[in-house]
Amino acid sequence: MNEIILKLKSIYDKYKIIIILAGSILLLLVPVIFPKSYIMGIICRILLYIILAGGLNVINGYSSQFCIGYAGFFCIGAYTEAILALRLKINFWLLLPIAGIVTAIAGLLICLPTLKLKGKYLALVTLGFSEIVRLIALNWSSLTGGPMGLKGIPVPKIFGIEFKNSLSYYYIFLFLVAIFLFVTRRVINSRIGRAWMSIREDEQAARSLGVDTSMYKALNFMYGAFWAGIAGAAYAPYTRYIDSTFFTLDEGFNILSMAIIGGMGTLIGPVAGSIVVNLLTELLRPISEYRLVAYAILIIAMMWLRPQGLFGASKSILAGKEIVKKARKAEKEAAA
Amino acid sequence: MKVLLEAKNVSKHFGGLKAVDNVDMVIYEGDIFGIIGPNGAGKTTFFNLCSGVFPVTGGEIYFNGENITNLRPDIIAKKGMARTFQNIKLFNYMSVLENIKIGFHIHSRTRMWDAILHTSVYKRDEKLAEEKGMEIIERVGLKDYKDILAGNLPYGMQRMVEIARALALDPKLLLLDEPAAGMNPNETMALMEFIKKLNHEGYTIAVIEHDMKFVMNTCNRIMVLNFGKKICEGDPEYVRSNKEVNEAYFGKGIVVQGGTM
């Protein structure tokens, strides 16, 4: 697998401009190639989950804070957009960043009391948070419509074009995915991304090198939450109707499984994870609820065969075993 | 001589255990200061107090004239104190160069928007980390290994990466916790030379070490701890001939009829 990746990479480096150009033209033409709204619906789902799994991957994969209640942030973003659009008639394009910022603040609020928690303890707090958010959405009827949900969320418009079905909405999702990948790539390859990774690898060492770990962990959580908010804000006008059942814990686990299957700690991992899991969901539709069993088998098989995920770099935190083995071998050779 | 690090009556108790008990210590600028003592003497705990990993139970620590008692480790690092760890703490799944780049964290100030927009601040920081990082890597002789994951290197090299990473902070004081542990005699010799060279270049160094040859040959002043207490401080000759130190290491002579054995 690694050799294949390396080979692909060398081909990519050679024809970089051509590949990027052809790729973007192809991506722009997708609705023309698949004019069926069923297929475009699946593709839109894939794009939406790329943002979600990618945002979660920034938290879980890069700074190794284990968040499993990511659906809570998704929920906050979606409701923020829906409520503000319905009540105050604020423009969708303005609501995107607003929802992102509101969700990031929610991320900060949950993160502050939990900065000292690690691993499973933090995971439990985020789990509880996700449920609390969902229950608020379910029970605060005057604001969120309660079990009736929010109906008739206005569709986004730009230059007189209405994005009212999956064929046109595809471009909004594509635009957001492109921005997400571009921005995240730049952040990860900077001092900030390195600080996050140093926290993942060894928090004590990071502190001894002058990294304010509490601040960077909070920033990391906010960054991840921000993109969940954006995804939520893009999702609400897409379905035009939201209620609390969209944002259950299962949704959180669904996003998490994409991040894990794709490979944590890489940019491309969640993209692959989203494609694989969403396609599987469609392919396995005939066996209905048994597909959950299929997921379980897939995740177990992945842990067994490729613990770092499909595209997980060997530096992924889940790839520990192989590296330790290699290191022992190198040590033995050095000793001999 | 200027005092760089001063500990006044520093204590650390873990419950009833007095890991460090009323220790006074002064490190002057330009020193290679050795801290020795039998296992469990409290050497590493003392280092942890100086670098802010634990809060002290009592006493005060001054660094460069400033009271740094109970400050956070990252703040102390920013003030110019870098350290390595007894059990190596490298960023295992990052390359050697990336490890060292994190050492430049306190010398850079890229913010989120700088990174996203690739502003001049970002470009300056990346250039600094890349160029100075390579410089340090060449100095410690790890140029050929710069893209290898730090966790894959053999033990002795990992120690050097850790020292290189600490050097990236450009510290006034470098605390080395058992830098020669797990090194073979050749590597230890090279490390000794390297530490002396760093000292010539103006770094003040404090080192915990078990290897007596190493300590006696590199340090100009030595402090001996035993059961958390300071039992001796002075130059190598003085420490070598000190009775209490000998007793701590070798035990007391038994009094038999007619004299000592």
Side-chain angles (χ1 to χ4, degrees), chain A residues 61 64 104 179 182-216 219-220 222-223 226 265 308 312-320 322-336, chain B residues 48 51-53 72-85 88-95 98-99 101-112 114-118 121-122 125-126 129 148-158 162 165-166 168-169 171 175 182 184:
Chain A
S64 190
I179 293 203
F182 177 78
V183 168
T184 305
R185 195 181 119 98
R186 287 200 157 184
V187 172
I188 290 303
N189 287 326
S190 76
R191 166 184 189 250
I192 298 162
R194 283 197 296 269
W196 288 345
M197 285 186 265
S198 73
I199 292 168
R200 172 186 79 193
E201 299 295 328
D202 194 314
E203 199 171 333
Q204 203 190 349
R207 279 156 69 96
S208 83
L209 294 172
V211 178
D212 185 349
T213 51
S214 304
M215 200 272 271
Y216 276 94
L219 185 68
N220 177 264
M222 285 174 74
Y223 185 84
F226 176 83
Q308 69 269 45
S314 44
K315 31 178 150 164
S316 160
I317 196 81
L318 295 167
E322 210 170 304
I323 302 234
V324 172
K325 247 191 251 160
K326 262 189 216 161
R328 291 226 178 97
K329 207 173 147 199
E331 222 170 284
K332 256 183 219 157
E333 274 165 18
Chain B
N48 284 342
S51 60
V53 176
R72 292 206 317 259
D74 51 294
I75 293 176
I76 294 178
K78 275 181 200 138
K79 291 189 187 301
M81 192 194 296
R83 67 165 297 177
T84 66
F85 294 87
I88 305 176
K89 286 183 183 293
L90 282 180
F91 307 127
N92 283 344
Y93 303 110
M94 298 169 83
S95 75
E98 281 173 322
N99 263 273
K101 275 184 178 176
I102 291 170
F104 289 99
H105 185 85
I106 59 169
H107 298 302
S108 48
R109 52 194 174 87
T110 303
R111 308 222 161 248
M112 191 70 92
D114 293 320
I116 295 169
L117 302 174
H118 277 196
V121 177
Y122 168 86
D125 285 349
E126 289 303 302
I148 293 187
L149 292 186
N152 290 2
L153 290 175
Y155 204 75
M157 280 187 193
Q158 290 195 7
E162 211 187 12
R165 195 178 65 182
L169 269 70
L175 304 179
N184 64 35

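Below, read A as the first sequence line, B as the second, and so on, with proteins coming before strands; counting in each chain starts at 1.
- Cation-pi geometry between K89(B) and F85(B) is met: the NZ or CZ atom falls under 6.0 Å from the ring centre, inside 45° of the normal.
- If you measure heavy-atom distances from L117(B) to chain A, the contacts under 4.5 Å come from the backbone alone.
- Across all non-hydrogen atoms, the minimal contact from A77(B) to L209(A) is CB-C, 4.0 Å.
- In this structure, chain A has no heavy atom under 4.5 Å from any part of S51(B).
- When A195(A), G193(A), S190(A) are compared by the number of non-hydrogen pairs under 4.5 Å with chain B, S190(A) comes out ahead.
- Using a 30° and 60° split on the angle between ring planes, Y223(A) and W196(A) fall in the tilted class, from 30° to 60°.
- Within the 4.5 Å cutoff, the side chain of L90(B) has heavy atoms near those of the E162(B) side chain.
- Interface summary for chain B: among D212(A), V183(A), V187(A), the most heavy-atom pairs under 4.5 angstrom belong to D212(A).
- The two residues A206(A) and I199(A) make their nearest non-hydrogen contact at CB-N, 4.3 Å.
- For the set R111(B), R109(B), M157(B), the count of heavy-atom pairs under 4.5 angstrom toward chain A peaks at R109(B).
- No other option in N99(B), I76(B), T110(B), T84(B) has as many heavy-atom pairs under 4.5 Å with chain A as T110(B).
- Between A129(B) and K101(B), the closest heavy-atom pair is CB-CG, 3.9 Å.
- Both tests do not hold together for R191(A) against Y122(B): distance to the six-membered ring centre under 6.0 Å, angle to the ring axis within 45°.
- The choice from E126(B), K79(B), H118(B) that makes the most heavy-atom pairs within less than 4.5 Å of chain A is H118(B).
- Residues L153(B) and Q158(B) approach most closely at O-NE2, 3.0 Å, considering heavy atoms.
- Contacts between L169(B) and chain A at a heavy-atom distance below 4.5 Å involve the side chain alone, from C-beta outward.
- Interface residue L219(A): only side-chain heavy atoms are found under 4.5 Å from chain B.
- With a threshold of 4.5 angstrom between heavy atoms, R165(B) approaches chain A through its backbone and through its side chain.
- Residue A168(B) does not touch chain A at all, counting heavy-atom pairs closer than 4.5 Å.
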